[in-house]
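Everything below concerns the one structure shown next.
Values below: every heavy atom of this structure, side chains too, minus hydrogens, waters and symmetry copies. To find a chain, count down the sequence lines: A is the first, B the second, and so on, and within it residues start at 1.
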Protein chains: 2
Amino acid sequence: MARSTSTQRSLPPSDEIGPGFESHVPGVDYGVLDNLVGYAIRRAQILVYDDFLQALAPWDITPPRFSALVLIARNPGMKQTDLAQLLGIARSGVVMLTDGLEALGYVRRVASKTDRRAYMLELTSAGSKALSAIEAAVREHDARMSSRLSEAEKSKLIQLLARIGPAGEQQ
Amino acid sequence: MARSTSTQRSLPPSDEIGPGFESHVPGVDYGVLDNLVGYAIRRAQILVYDDFLQALAPWDITPPRFSALVLIARNPGMKQTDLAQLLGIARSGVVMLTDGLEALGYVRRVASKTDRRAYMLELTSAGSKALSAIEAAVREHDARMSSRLSEAEKSKLIQLLARIGPAGEQQ
DNA sequence: TATTGTTATACTCTATAACTATA
DNA sequence: TATAGTTATAGAGTATAACAATA
């Protein structure tokens with residue numbers, strides 16, 4: 001392709017890194033990548049993650065933090081170990097995640113009455129209030145990312161993605 | 001929900017972390033997460049990434065390494081800067097990526113004849129040979145991850161994912 | 001004995017910034 | 001003056017292992 005001099009694309013506005021990620025640069029041969037579900041997911045994920053971070057920056061919320069907030073809100077009283085399992089991360093990771101959400105004033109550790117080793121997680125009233133705004137921002141972000149899809153296509157996409165996974169699992 | 005004692009699910013076989021990530025634990029309320037395209041993508045990505053790593057471990061190949069290999073194979077003569085742009089990472093990242101692939105004997109840096117600052121990337125014959133096996137393994141992995149989808153659904157999914165992205169881009 | 005939360009540690013990934021040699 | 005590759009450094013994110021308190 002010899003893009004060296006000819007196809008030289010407009011370079012990044014900031015130093016080093018450009019608009020993040022162009023999912024499909026014209027004139028480039030992506031070979032098998034274009035036929036892989038995994039690569040399509042990866043591509044989309046990079047774009048979504050980047051936009052999420054920007055959109056939720058005012059609340060200092062990352063995807064894992066958002067997932068944790070929603071899960072705690074909808075399932076109050078979970079132990080940290082429970083959350084670790086739901087998020088698929090180690091318990092030590094939940095400690096730091098919880099520390100962060102506690103520092104933001106969104107989450108509270110409540111001593112369990114049945115197990116003195118454990119803490120039950122719940123939202124503070126500030127966290128509950130913040131989550132409303134945060135959820136709205138996330139919905140807006142999500143709508144923007146799928147704005148080229150109809151509602152039907154969006155549902156279809158979610159449904160198809162839910163069936164992705166190694167051979168004998170879920171469903 | 002009070003899963004503390006009652007709903008206590010079978011715990012990880014290894015210490016700390018379980019089978020990775022259960023995308024949807026029954027009895028748990030995922031709230032808005034179930035309606036977000038972004039979360040569906042994130043879920044799928046975690047499962048795919050994990051399986052990819054296991055499947056490609058024999059070749060010591062990660063998703064970024066695989067993408068790089070394919071792009072170099074199909075577009076020989078790219079500069080490292082070109083690859084950085086395609087992958088959406090910093091130039092310094094490509095240096096290490098290339099170092100790794102060079103150490104594996106798969107990629108070669110060839111001095112450009114037109115620009116003495118630049119190197120053109122290309123596969124070695126060993127890299128070319130290895131890529132055949134690697135591609136086969138990746139295809140197998142990808143087929144396993146989407147084994148619950150028909151060919152038509154798989155195509156549809158790839159097509160829908162390609163349309164994900166912030167408002168005014170691609171397509 | 002096993003589990004909960006915690007800490008300490010390390011490892012990976014990647015960005016930033018500065019440097020050099022070219023252009 | 002700008003760009004290619006490189007290096008050094010630092011910051012996330014997350015895993016592992018060990019520990020005290022409790023079960």
Side-chain angles (χ1 to χ4, degrees), chain A residues 3-5 8-21 42 45-46 49-50 52-53 57 60-65 67-68 77-85 87-100 102 107 109-121, chain B residues 3-5 8-21 42 45-46 49-50 53 60-65 67-68 77-85 87-100 102 107 109-121:
Chain A
R3 304 176 48 245
S4 303
T5 50
Q8 191 168 335
R9 191 164 325 285
S10 62
L11 286 176
S14 111
D15 189 33
E16 284 304 336
I17 197 70
F21 177 60
R42 182 177 163 78
Q45 228 277 323
I46 291 173
Y49 194 89
D50 188 61
F52 186 106
L53 250 37
D60 202 11
I61 290 296
T62 59
R65 280 184 171 181
S67 302
M78 270 191 303
K79 291 181 298 180
Q80 292 180 197
T81 299
D82 294 328
L83 187 56
Q85 198 217 347
L87 297 176
I89 64 178
R91 285 175 300 153
S92 59
V94 171
V95 172
M96 293 201 298
L97 197 53
T98 305
D99 284 348
E102 209 173 32
V107 163
R109 283 171 163 101
V110 180
S112 165
K113 293 182 177 175
T114 58
D115 186 339
R116 287 164 56 195
R117 295 169 303 181
Y119 290 102
M120 294 166 33
L121 298 173
Chain B
R3 305 177 49 246
S4 303
T5 50
Q8 190 167 338
R9 190 164 326 286
S10 62
L11 287 176
S14 109
D15 188 33
E16 283 303 336
I17 198 70
F21 177 61
R42 183 177 162 76
Q45 227 278 322
I46 292 173
Y49 194 88
D50 189 60
L53 249 39
D60 202 11
I61 289 297
T62 60
R65 280 183 171 181
S67 302
M78 272 192 300
K79 290 181 298 180
Q80 292 181 196
T81 299
D82 294 328
L83 186 57
Q85 198 215 348
L87 298 176
I89 65 178
R91 285 175 300 153
S92 59
V94 172
V95 171
M96 293 201 297
L97 197 54
T98 305
D99 283 350
E102 208 173 32
V107 164
R109 285 171 163 102
V110 179
S112 166
K113 293 184 178 178
T114 58
D115 185 340
R116 287 165 54 194
R117 296 169 304 182
Y119 291 101
M120 294 165 35
L121 299 173

Starting at atom [atom1] of [X], determine the distance to atom [atom2] of [N], rounded to an integer number of angstrom.
X	N	atom1	atom2	answer
Asp82(A)	dT4(C)	CG	P	8 Å
Glu102(B)	dT6(D)	CD	P	8 Å
Ile46(B)	dG13(D)	CD1	C1'	12 Å
Arg42(A)	dC13(C)	CZ	P	11 Å
Phe21(A)	dT14(C)	CZ	P	12 Å
Met96(A)	dA12(D)	CE	P	11 Å
Gln80(A)	dT14(D)	CD	P	16 Å
Gln85(B)	dG5(D)	CD	C1'	17 Å

Using nucleotides 21-23 of chain C, report all nitrogen or oxygen pairs with the protein that are shorter than 3.5 Å.
unit_1	atom_1	unit_2	atom_2	d
dT22(C)	O2	Arg117(B)	NH1	3.4
dA23(C)	OP1	Arg116(B)	N	2.8

task = Return the 5'-most residue of the pair Ala118(A), Asp99(A) with respect to DNA chain C, ranking by each residue's nearest nucleotide.
result = Ala118(A)

task = For Tyr119(A) and for Gly93(B), find the nucleotide of DNA chain C with the closest heavy atom, then tell me which residue's nucleotide is more 5'.
result = Tyr119(A)

note = Sorted by chain and number, sequence neighbours left out, salt bridge (charged side-chain N to carboxylate O under 4.0 Å, His left out) with Arg117(B) holds for Asp115(B)

Can you figure out which of [options] approaches the side chain of [X] most closely?
X	options	answer
Ala90(B)	dA15(C), dG5(C), dA15(D)	dA15(C)
Ser92(A)	dG5(C), dA4(D), dA8(C)	dA8(C)
Val95(B)	dG13(D), dG5(D), dG5(C)	dG5(D)
Ile89(A)	dT4(C), dA4(D), dA15(D)	dA15(D)
Arg91(B)	dT4(C), dG5(D), dG13(D)	dG5(D)

query = Do the side-chain N or O atoms of Arg109(A) get closer than 4.0 angstrom to the phosphate oxygens (OP1, OP2) of dT6(C)?
reply = yes

query = Where is the tightest heavy-atom contact between Ser67(B) and Leu87(B), given as atom of each residue plus distance?
reply = CB-CD2, 3.9 Å

ask   = Of all heavy-atom pairs between Arg65(A) and Gly100(A), which one has the smallest distance, and what is that distance?
value = NH2-CA, 3.7 Å

With rounding to the nearest 0.5 angstrom, report the [atom1] to [atom2] distance, [X] to [Y].
X	Y	atom1	atom2	answer
Met120(B)	Lys79(B)	CE	NZ	11.0 Å
Leu121(B)	Glu102(B)	CG	CD	9.0 Å
Thr62(B)	Leu97(B)	OG1	CG	7.0 Å

note = side-chain hydrogen bond (donor to acceptor under 3.5 Å, both in side chains) filter on Gln45(A), not counting sequence neighbours, yields none

